[in-house]
Structures are given as C-alpha cells and as structure tokens.
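Remember, predicted model here, so these are calculated numbers, not experimental data. Each residue takes its place number in the sequence, starting with 1.
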Amino acid sequence: PRRACHFRASASQRAANVAIATARQQFARGEHEAAIVSLETLLRGAPASPGVSAEIQRLRTEQAQLAKDAAAAAQVQELVAQAEAEWKRGEVDAALASAERVLAQRPEEARALRVRDQARERLKDLADLADRRTRADQAVRRAVAFMASGAFVGFKAGEPNGHHLVNRSERPARFLVIGSRTPGDV
C-alpha cells in the first residue's frame with residue numbers, strides 16, 4: 001500500500017510537471033490565457049497537483065508584466081510620433097521636450113534621438129541667428145548715433161553685412177561714395 005501511494009504521488013507529480021512544461025510552451029508562443037486555463041483545469045481536476053498553483057500565479061504575474069510593458073511601449077511610440085509631428089510643424093521646443101520624455105524612458109530610442117539632436121541643432125542655430133541680429137542691431141544703433149551732418153563712415157571691403165545707409169530724418173540726405181573693388185580696399 002505504501003508503495004502504491006508513492007507510485008500515485010510520483011505519477012501525479014509527473015503529470016503536473018508535464019502540464020506545467022506544456023503550459024510554459026504555450027505561454028512562450030503567446031498563448032497566455034490558454035496556458036493559464038489549462039493549468040487551472042488541471043488544478044480543478046486534481047487539487048493536490050504539486051506546483052500548479054504556484055505556476056499559475058507566476059504566469060499571471062508574467063502576463064500582467066507583459067501587458068504593462070506593451071502599454072509602456074505603445075506610450076513611447078505615441079510620444080515619438082508626437083515629437084516627430086511637432087518637429088515637422090516647426091515646434092522645435094515642444095519636439096525637444098517630447099523627445100527627451102521618450103529618452104528618459106528609453107535612452108536608445110533611435111527616432112527620439114534623431115528628433116532631439118535635430119531640435120538641439122536648430123535651437124543652437126536660432127540662438128546664433130538671434131546673437132547675430134542683436135550684434136547687427138547694436139551696430140546700427142551705434143552707426144545711427146554716430147551719423148550726423150558732416151560725419152563719415154567706412155565699411156570694410158568683403159564683409160557680407162549689407163552696407164547701406166538709411167535716412168530716418170525728415171530731410172533729404174546726400175552722401176558721397178568713394179572706393180573701388182580693389183582687393184583689400186577699405
């Protein structure tokens with residue numbers, strides 16, 4: 001009798017092990033719910049099946065984690081698409097912020113890296129342009145303050161700064177231009 005009991009226990013252990021292995025294969029193929037249901041069916045038929053309850057719990061936990069990971073991946077892809085759309089609309093600051101939110105979650109996301117790098121480069125270009133405009137405005141203010149009746153000004157040859165004079169007074173202005181196209185001429 002003792003041997004028969006041991007034989008039944010090992011047969012039920014083997015059956016449980018086979019069921020667990022089969023369920024794990026189903027789960028690996030993406031048949032998550034089917035794997036769990038097959039183990040629950042076994043457990044209802046043989047409540048003393050060793051390890052089955054623990055395996056059901058493990059598979060449910062893994063299924064929940066996979067669902068959470070899939071939702072996070074979908075959210076990242078949505079943010080990447082948003083960053084790319086903002087970039088296309090010319091919303092550089094917004095595109096950079098969206099790309100950086102993606103990269104906080106997934107530092108290797110190639111599309112977000114590309115948007116971030118493009119946005120940073122564009123912001124740098126805009127800052128350089130703003131700096132050049134500021135310097136040009138300052139130069140104009142200095143020149144405007146400097147120019148008065150009888151004044152003179154010299155422009156360095158070859159400078160691409162759009163040499164020109166603007167008369168902002170109410171009276172006509174006259175000016176004389178002296179120079180040549182000789183290289184090095186002032």
Peer 1: Check Arg60 with Glu33, please: is the shortest side-chain N to carboxylate O separation under 4.0 Å?
Peer 2: yes

Peer 1: Is a side-chain N or O of Asn167 found less than 3.5 angstrom from the main chain of Arg171, in a donor-acceptor match?
Peer 2: yes

Peer 1: Glu84 and salt bridge (charged side-chain N to carboxylate O under 4.0 Å, His left out): which partner among Arg111, Arg116, Arg89?
Peer 2: Arg111

Peer 1: Looking only at heavy atoms, what is the nearest atom pair of Gln105 and Val76, with distance?
Peer 2: OE1-CG2, 3.2 Å

Peer 1: State, to 0.1 Å, how close Val115 and Ala99 come at their nearest heavy-atom pair, and which atoms those are.
Peer 2: CG1-CB, 4.0 Å

Peer 1: Of all heavy-atom pairs between Val92 and Ala119, which one has the smallest distance, and what is that distance?
Peer 2: CG1-O, 3.6 Å

Peer 1: What do the steps show when you test Gln82 against Glu78 for side chain to side chain donor-acceptor pair (under 3.5 Å), and what is the final call?
Peer 2: CA-CA 6 Å; Gln82 177 182 335; Glu78 190 176 302; over 6 Å; no

Peer 1: On a heavy-atom basis, which atom in Ala35 and which in Leu59 lie closest, and how many Å separate them?
Peer 2: CB-CD1, 4.4 Å

Peer 1: How long is the straight-line distance from CD1 of Ile36 back to CD1 of Ile56, given to the nearest 0.5 Å?
Peer 2: 8.0 Å

Peer 1: For Gln118, check side-chain contact (heavy atoms from CB on, under 4.5 Å) against everything at least two apart and list the hits.
Peer 2: Trp87, Arg114

Peer 1: Tell me whether Leu96 is reachable from Leu103 by hopping between hydrophobic residues (I, L, V, M, F, W, Y) whose side-chain heavy atoms are closer than 4.5 Å.
Peer 2: no

Peer 1: Quick check for you: to the nearest 0.5 Å, what is the distance between Leu43 atom CG and Glu55 atom CD?
Peer 2: 12.0 Å

Peer 1: For the residue pair Phe27 and Leu66, establish whether any side-chain heavy-atom pair is separated by less than 4.5 Å.
Peer 2: yes

Peer 1: Evaluate the side-chain proximity of Thr22 to Ser38: yes if any heavy-atom separation is below 4.5 Å, no if none is.
Peer 2: no

Peer 1: Rounded to the nearest 0.5 Å, what separates atom CZ in Arg44 from atom CG in Leu39?
Peer 2: 11.0 Å

Peer 1: Which pair of heavy atoms, one from Leu42 and one from Ala16, lies closest together, and at what distance?
Peer 2: CD2-CA, 4.3 Å

Peer 1: One thing to verify: whether Asp128 and Arg132 come together as a salt bridge, which I'm taking to mean a side-chain N less than 4.0 angstrom from a carboxylate O.
Peer 2: no

Peer 1: Looking at CG of Leu126 and CZ of Arg133, how far apart are the two atoms once the value is rounded to the nearest 0.5 Å?
Peer 2: 8.5 Å

Peer 1: I need the Leu113 CG to Glu100 CD distance, nearest 0.5 Å.
Peer 2: 10.5 Å

Peer 1: With a 4.0 Å cut-off, would you call Arg135 and Asp131 a salt bridge?
Peer 2: yes

Peer 1: So that I can tick it off, tell me whether Glu62 and Arg58 are bridged by a salt bridge, with the cut-off set at under 4.0 angstrom between side-chain N and carboxylate O.
Peer 2: yes

Peer 1: Would a distance-only check, ignoring hydrogens and angles, find a side-chain to backbone donor-acceptor pair under 3.5 Å from Glu86 to Ala95?
Peer 2: yes

Peer 1: Can you tell if the side chain of Asp125 reaches within under 4.5 Å of the side chain of Leu129, non-hydrogen atoms only?
Peer 2: no

Peer 1: Does a sphere of radius 6.0 Å around CD in Glu108 hold more than 12 heavy atoms from other residues, nucleotides or ligands, not counting ones at 6.0 Å or beyond?
Peer 2: no

Peer 1: Would you give the length of the straight line joining atom OG1 of Thr61 to atom CD of Gln57, rounded to the nearest 0.5 angstrom?
Peer 2: 4.5 Å

